Amino acid sequence: MNAAIRPWPKDEFEARLRELGRYYHIHHPYHRLMATGRLTPAQLRAWVANRYYYQISIPLKDAALIANCPDRAVRRRWLQRIVDHDGRQGRDGGIEAWIRLGEACGLERREIVSETHVLPGVRFAVDAYVDFVRRSDWQAGVCSSLTELFAPTIHRERITGWPEHYPWIEPDGLSYFRNRIGEAHRDVEHGLSIVLDAFDTRALQERALEIVRFKLEVLWTMADAMYHAYVTDMPPFFCVGDEEWTSGSTTDR
Ligand code: AHQ
């Protein structure tokens with residue numbers, strides 16, 4: 001079979017998936033400002049308030065994937081992702097931990113859960129992710145979660161960096177990131193094994209790379225919207241005049 005159409009060996013396929021980490025949102029200017037202590041408190045609070053929309057959308061995305069999946073063994077394991085975010089009897093879950101992160105940063109619970117600060121660009125990017133999983137086969141949905149290959153690094157960066165750069169944030173608020181490192185490792189091990197097995201032709205492997213690039217674009221676009229609104233001080237129409245949510249930079253409007 002022609003080498004150009006022969007499927008890559010699994011280790012090469014995995015390496016190509018991991019190479020996409022160069023486009024991960026850890027490299028986005030907003031996250032570089034965050035990691036180097038250059039975000040103002042308002043810009044950090046805005047990030048938490050916007051990312052809340054992503055966090056509450058993950059269980060909807062995972063439920064859509066399960067709805068598309070006829071494989072009981074996969075569904076049984078994938079269910080844990082919903083529990084991790086929604087919680088269960090006796091365990092608050094990640095969404096509640098994210099709200100506590102927001103409160104630790106000085107946000108009120110009501111302004112987080114009301115989604116009042118969620119930017120159009122953030123909402124559209126997150127909705128595009130959920131809609132992609134809803135309308136795709138479940139294996140494509142699994143593949144789109146593989147950006148978490150790169151997530152433990154960004155969570156560790158926050159756990160180590162925020163206490164130094166943002167000492168005004170209550171340390172307990174960082175529990176979301178601490179919990180997520182273990183969960184992300186566990187989830188990616190499951191998701192990667194499915195993808196390496198299911199995407200078994202060259203065309204499917206190329207498709208898998210496209211899917212991960214799409215999800216990387218979702219994450220990057222969310223950060224673009226926040227950078228535009230809170231760093232270049234060009235919030236969308238519904239924030240116009242709401243000075244509390246701009247970076248207070250000197251640009252004239
Ligand atoms: O907190 C995050 C999370 O729960 C998930 C689920 C997973 C998915 O199914 O797409 N991706 C993801 C991510 C989370 N946090 C992001 C961050 O930077 O804090 C990273 C993101 C991801 O890498 O996809």
Side-chain angles (χ1 to χ4, degrees), residues 17-18 20-35 39 44 47-66 68-69 74 77-87 92-102 105 122 125-134 136 138-162 173-192 194-195 211-224 226:
L17 287 165
R18 290 185 183 278
L20 293 174
R22 77 178 69 171
Y23 305 111
Y24 194 52
H25 66 170
I26 195 171
H27 305 297
H28 190 283
Y30 208 94
H31 285 109
R32 296 327 309 148
L33 289 173
M34 181 188 293
L39 286 185
L44 199 72
W47 178 81
V48 176
N50 273 275
R51 268 291 307 277
Y52 173 77
Y53 187 71
Y54 181 81
Q55 300 305 136
I56 62 173
S57 299
I58 291 294
L60 301 180
K61 178 272 296 185
D62 289 328
L65 188 148
I66 288 173
N68 291 340
C69 178
V74 170
R77 281 187 70 175
W78 211 268
L79 264 178
Q80 184 59 46
R81 295 169 183 242
I82 296 177
V83 171
D84 287 342
H85 289 85
D86 286 344
D92 284 343
I95 290 169
E96 186 58 32
W98 194 271
I99 295 169
R100 283 205 299 275
L101 169 66
C105 293
V122 168
V126 174
D127 289 350
Y129 179 29
V130 177
D131 292 343
F132 170 81
V133 175
R134 279 191 178 126
S136 302
W138 67 274
Q139 296 95 333
V142 171
C143 189
S144 66
S145 73
L146 290 186
T147 46
E148 268 205 308
L149 281 165
F150 322 115
T153 305
I154 203 170
H155 293 314
R156 274 193 288 272
E157 187 175 75
R158 293 158 187 160
I159 291 165
T160 54
W162 285 26
L174 304 188
S175 66
Y176 180 84
F177 303 131
R178 282 192 282 273
N179 298 340
R180 199 62 214 156
I181 290 178
E183 290 167 358
H185 275 300
R186 179 207 62 204
D187 289 349
V188 158
E189 188 183 338
H190 182 217
L192 187 58
I194 289 171
V195 169
I211 291 168
V212 175
R213 271 194 290 267
F214 158 74
K215 172 62 179 311
L216 289 165
E217 288 165 357
V218 167
L219 297 173
W220 197 272
T221 302
M222 290 166 66
D224 280 348
M226 292 184 239

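Read the numbers this way: they start at 1 and go in the same order the structure lists the ligands and their atoms. All values below come from the heavy atoms of this structure, side chains included, with hydrogens, waters and symmetry mates left out. Fair warning: this is a prediction, and the values are worked out from it, not measured in the lab.
In this structure, atom 3 (C) of ligand 1 lies nearest to the protein heavy atom R180 NE, 3.6 Å. The closest protein non-hydrogen atom to atom 9 (O) of ligand 1 is K61 NZ, 2.5 Å. The nearest protein atom to atom 18 (O) of ligand 1, hydrogens excluded, is given as H25 NE2, 2.8 Å; this is a heavy-atom distance. Of the protein's heavy atoms, E148 OE2, 3.5 Å lies nearest to atom 5 (C) of ligand 1.
N179 and E183 share no donor-acceptor pair across their side chains, judged by distance under 3.5 Å alone. No side-chain donor-acceptor contact under 3.5 Å links K215 and S144. Judged purely by distance below 3.5 Å, without hydrogens or angles, the side chains of Y176 and Q55 pair a donor atom with an acceptor atom.
Nearest to atom 22 (C) of ligand 1 by heavy-atom distance, out of D84, T147, D62, is T147.
In this structure, the side chain of D86 does not engage the main chain of G93 through any donor-acceptor pair within 3.5 Å.
Atoms of ligand 1 lying under 4.0 Å from at least one heavy atom of K215, given by number and element, are 8 (C), 10 (O), 11 (N), 24 (O). Those atoms of ligand 1 with a heavy atom of Y129 less than 4.0 angstrom away are 8 (C), 9 (O), 10 (O). Those atoms of ligand 1 that come under 4.0 Å of a heavy atom in H85, given as number and element, are 3 (C), 4 (O). Proximity to Y54 (heavy-atom distance under 4.0 Å) selects the following atoms of ligand 1: 10 (O), 11 (N), 12 (C), 13 (C), 14 (C), 21 (C), 22 (C), 24 (O). Remark: ligand 1 atoms within the under-4.0 Å shell around heavy atoms of Y176 are 1 (O), 2 (C), 3 (C), 4 (O).
Between Y24 and ligand 1, an N or O atom pair is found at a separation short of 3.5 Å. Checked against a 3.5 angstrom limit, the closest N/O atoms of R51 and ligand 1 fall inside it. The N/O atoms of S145, backbone and side chain alike, include none that comes under 3.5 Å of an N/O atom in ligand 1.
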Kindly determine whether H155 and R178 satisfy side-chain contact (heavy atoms from CB on, under 4.5 Å), including the steps that lead there. CA-CA 7 Å; H155 293 314; R178 282 192 282 273; over 6 Å; no
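Within the 4.0 Å heavy-atom cutoff, H31 does not count among the residues contacting ligand 1.
Classified by interplanar angle (parallel below 30°, tilted 30° to 60°, perpendicular above 60°), the ring pair W47/H31 is perpendicular.
Between W220 and H25, the distance separating the two ring centers is not shorter than 6.0 angstrom. Ring centers of W98 and Y52: at least 6.0 Å apart, outside the cut-off.
Contacts of R158 with ligand 1, taken as heavy-atom pairs under 4.0 Å, involve the side chain alone.
With sequence neighbours excluded, the residues satisfying side-chain hydrogen bond (donor to acceptor under 3.5 Å, both in side chains) with R18 are E14. Scanning for side-chain hydrogen bond (donor to acceptor under 3.5 Å, both in side chains) contacts around W78 gives D62, with sequence neighbours left out.
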